[in-house]
Amino acid sequence: MKASRTALIAIVVTAIGALFAFGLLRGNPDDRNITSNLLGRPAPGFTLPLYERYWPDYGETFSLQEHVGQPLVVNFWASWCLPCYDEAPILQQAWQTYGPQGVQFVGIQTQDRDKRDEGRTFIARFNLGFPNVLDNDSLVGVDWALYGVPETFFVDASGKVVAKHIGPVTAAVLDQQLGALLR
Amino acid sequence: MRRLAVLLIAAVLAAAPFAGAQDVQIGSRAFDISRNLRCPVCTSESVADSSAEIAQQMRGLIQEKIEEGLSDAQIYAFFQERYGDWILLDPPKRGVHLLVWLLPVLIGAAAVVVVVSMTRRWLAASARTEPVSQADLDRVRAALAGAAAGPDGPGTGDESSEDG
Amino acid sequence: MFELQLGPLGGASVFLAFGLALYGAVAGVIGAARRDARLQTSARLAAVAGFILATAAVVVMQAALLTNDFSVSYVAGHSRIASPTWVKVVTMWAALEGSILLWAWLLTGYTALLAVTAPLSPLRPYAISIMQAVQVFFLGVLAFIANPFKVVPLPPLDGPGPNELLQNHWMMAVHPLLMYLGFVGLTVPFAYAMAALITRRPGTEWMAQTRRWTLTGWGFLSGAIVAGGWWSYEVLGWGGYWAWDPVENVSFMPWLTATAFIHSVQVQERRRMLKPWNVLLIVATFSLSILGTFLTRSGVVSSVHAFGNGPVGPAFLVFFLLVTLAAFGLLAMRWDDVKDRADLDSVVSREGSFLGVNILFVTLTAAVLLGTLFPLIVEALTGDKVTVGAPFFDQTTLPLWMLVLLLMGIGPLLPWRRAEQQRLSRNLALLAAAFVVSGALAWLLGVHKVYPALTVALAGYNLMSLYLLLSGALAPRLRLANRGALQVIRSYAVESRRRVGSMIVHFAVVIIALGVAFSSGYRVDEQIRLDFGGSAEFSGYTLTAVDRFMERTPARISAGAVIEVTRGGKPVTTLRPRLNLFGEAGRTVPTPAVYYTATHDLYLNLNSSVGPDTTFVVLRVVKSPLVTWIWLGGAILLLGTVYSLGGGRRTVPARAVAGEKREGAPA
């Protein structure tokens, strides 16, 4: 009787300890590594105003719907977001590699209301060749169920979202996802 | 000089977190709904409580949906379709969430069962105490009748008990 | 030239205090086991010396803060030259290391007080040793893990200052202090309970000796929770005071178990029942306060007020597990000594109602704990991220709160052992009448929401209960006494401090319940846009944006709007919601302006920036009824607690004192 009580206490305390040890080891409870509801579903469409430097190639607005049929990389960023500065040159490099192979990249500045000047500075700083738009109301971000910036979505040629990357994207992630999309 | 200082202050404060503030009017119903939605970019704050830009935009969006005539349920569904159950601060009563709703009820029920079973034992223990003779009983009754006229007389519980 | 360096001085004090705590913990236990009075005395002296050293560390920290000595790491990390003096003083508990210093200091203070004032008993040496063992942990964390006295080799010219939200309101000076006073106060009954188990004396001795400590700790914790709510209300800008954030929950759970404890011990005092249960409750209270610190300092759960990851979290986890294991292990070992041989005459009795109190508060604690940890549990088991938010806690706890109110009214009216049928029926009829009448009145006056209406009904019922208690106690005294009514009432209030104190506290709970029910049930939130010079209507008020303003103090820059509030054309007040900026590198904090009235509050918060060229402001406007009642109720509750503590020690019958003397026990 006494032994079983002691054993019970030991088991319960161990279980609690294991739970909190998991909590300590898992890292930030606020990382948003949450499976997106969008995966496997058609990408939410949008038409947003482009920054001026893209007008000659794309016109004044960019519509996702017009690009269904080719693989898409949709990247959300903001001018105040530090990791976005890390990933911008990587995206630009990937655009130079995969753009010619038929992949369309689009950058969406979001949660950054009326920050057009900051947006232009950001784009100029990394000389981003792929089109960038401003989601002034952040509502496209809501449609894409954004948790924060940066987040990057991969859309296949049929217009379905196939993958989502949270946090700054790396060359390896881009190569892997786009390799699969182009195969 | 002073003017310069004021301008400086103004510049600093104008860069406050409200660059994206919505200048729309938002009603109580929108706030009530947004109190049940989790702000996607915050740490455990509701859309109603957060001052994050996305939370402000979402409040505006909810107001728009209300003006379009959507019901509360339709608005929740709108966000749930995009963000999944994660966005609902009020956990839906199904799936894994069912557990969080049921467990407190089960714990409460278990507490009641434990206390009732113990109470039964105690009541039995009390009933088992040594039998009292009729003479003793009469003496006690007489003594009680005398005590009833004491300062702690009828009306309340045990007055002499000093509990905090 | 010799220059005094504050960092090493403070560090040395902490280190010495740590050594003394270690010595005291060991010497006290050995001294008690060998019945060596000199060793026991040396442990007590170590407790006093430890307090002096910890006080020295606190004085050094204050000196460093007030003289802007940025060579001390904590000052460099959390203070700022321009802050006003009061902010510098409270900066000590505005961040992690400093708040552990405060906690440790209060703990040494309580231990020293215990060492000096606690009556001689077989429990005392063990209890003091356990307090010192807890000190070993806190001082050890300070000395080895989170040392606030590290020397900064190249001191900065100025520091960043404390968290903006904390320096934005004076309540922040009060809230943590009360919280730690509460936690530390409740460590005393815990230490005595453990001592009672060690010495196999699980009777009422340990709780009789710690009754004041328990009540003091509970009072401080209650005050801390109310103060924390008020701080949220005045600072966070969303018009509420309680968000069921994990940080709030973890301070609330020890309060719940402590509340169960102060009720439940009475059953043991009077009826010698529930011995193991009371030990369990006080162990839970203590370990939940450690668990809470772990949860908020480790970033394990998602919280608005979470503090960064650090080595302090794991230390608290290990301590929590050790405490839990040791306390429950000890209880299991001593089970045969503590086991109840109780009997119960009737469930309809005072002890019966206390059993109900236990069920309710344990279920409340379980619901809050489960809701707080559920996301972590699910993630550990399935990897999914789930959300449990305020609506869950509201829906699960509200019915329980209603039952608490129900029990609070009937419980004190029941006598110990068994209620007499006739008197019980009369009381129940009056209570039911009060319930129905006040509920119906509320309904007729337009309170059609379930919980607010129910709360009004229960408030009427509880007021009737208080009336019955008072009249029942006073009527016979008045009838028999040959003195004036006032004198009789006064002498009753002095004689029955505990009982009158509990009535005051229960009255305060009714006031708070009404405040919470109405402010959450009938709150109106709006966001409105006001052009300068323009007006808008809100809930019977007219708000006019008259002007902008900017002001600058050495510590902060503020900008805001001047909003004139009128009602029916008559001026009511002028409110100045503002944005505060503490230091150029800081973050801007919107600071609401509140118009307090007895029936409702008008709460304005800026939701837009203010600059020289702004032409309009966006305001979050909240009107919530009866919020003030919560703060008022909190004050009454503290008053009741203090009242029941006051008036010197309980008079000990002269015979008992003489008896003690004869046995030669020094006081």
Side-chain angles (χ1 to χ4, degrees), chain B residues 5-7 9-14 16-19 21-28 31 35-36 38 43-46 48-49 51 56 59 85-91 96-97 100 103-104 107-108 111-112 115 119 122-123 125-126 129 151-159 161-164, chain C residues 215 238 245 266 302-304 306 342-345 347 350 355 359 362-363 366-367 370 374 378 385 387-392 396 413-416 423 468-469 472-473 475-477 480 496 498-499 501-502 524-529 550 552 557 559 579 581 588 607-612 618 644:
Chain B
V6 169
L7 276 178
I9 299 166
V12 171
L13 286 167
F18 305 108
Q22 289 260 322
D23 46 9
V24 295
Q25 317 268 328
I26 294 176
S28 221
F31 276 105
R35 238 188 291 286
N36 291 327
R38 182 166 179 179
T43 53
S44 91
E45 263 184 304
S46 75
D49 299 346
S51 56
Q56 301 188 33
R59 293 198 289 259
D85 290 345
W86 183 91
I87 198 93
L88 303 174
L89 282 169
D90 190 359
V96 68
H97 289 109
V100 79
L103 275 174
I107 291 170
V112 170
V115 168
T119 313
W122 292 336
L123 286 171
S126 161
T129 43
D152 284 341
T156 65
D158 182 356
E159 198 40 48
S161 80
E162 278 247 316
D163 28 50
Chain C
L215 216 51
W238 47 276
D245 182 86
Q266 294 172 37
S302 174
S303 156
V304 193
D343 58 83
L344 188 67
D345 297 321
V347 183
R350 186 76 61 79
L355 289 177
I359 295 178
V362 163
T363 313
L370 191 75
F374 191 70
V378 169
K385 301 228 177 206
T387 300
V388 177
F392 165 79
T396 43
L413 283 170
L414 295 172
W416 292 98
R423 196 180 302 162
L468 288 173
L469 277 174
R477 278 165 219 260
L480 289 174
S496 311
R498 279 178 80 170
R499 198 156 175 81
S502 85
V524 182
D525 271 83
E526 270 178 42
Q527 176 173 291
I528 55 176
R529 183 197 145 126
M550 281 179 205
R552 179 174 202 153
I557 308 167
L579 307 170
L581 181 67
T588 311
N607 258 7
S608 65
S609 39
V610 178
V618 179
S644 116

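Below, chain A is the first sequence line, B the second, and so on; all start at residue 1. Keep in mind it's a predicted model, so treat the numbers as computed, not measured.
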Most chain C-contacting option - heavy-atom pairs closer than 4.5 Å, from B:Ile107, B:Val100, B:Asp90 = B:Val100
Looking only at atom types and distance, does a side-chain atom of C:Thr387 sit under 3.5 Å from a main-chain N or O of B:Trp86, one as donor and one as acceptor?
-> yes
Any donor-acceptor pair under 3.5 Å from B:Arg35 side chain to B:Ser46 backbone | no
So what's closer than 4.5 Å to chain B heavy atoms on C:Phe392: side chain, backbone, both or neither?
-> both
Whatever's closer than 4.5 Å to a heavy atom in chain B on C:Val378 counts as side chain
Residue among C:Leu355, C:Thr396, C:Leu370 with most heavy-atom pairs under 4.5 Å to chain B | C:Leu370
Determine whether B:Pro91 and B:Asp85 make a side-chain contact, defined as any pair of heavy atoms from C-beta on separated by less than 4.5 Å.
-> no
Value for CZ (C:Arg529) from CD1 (B:Ile26), rounded to nearest 0.5 Å, stands at 13.0 Å
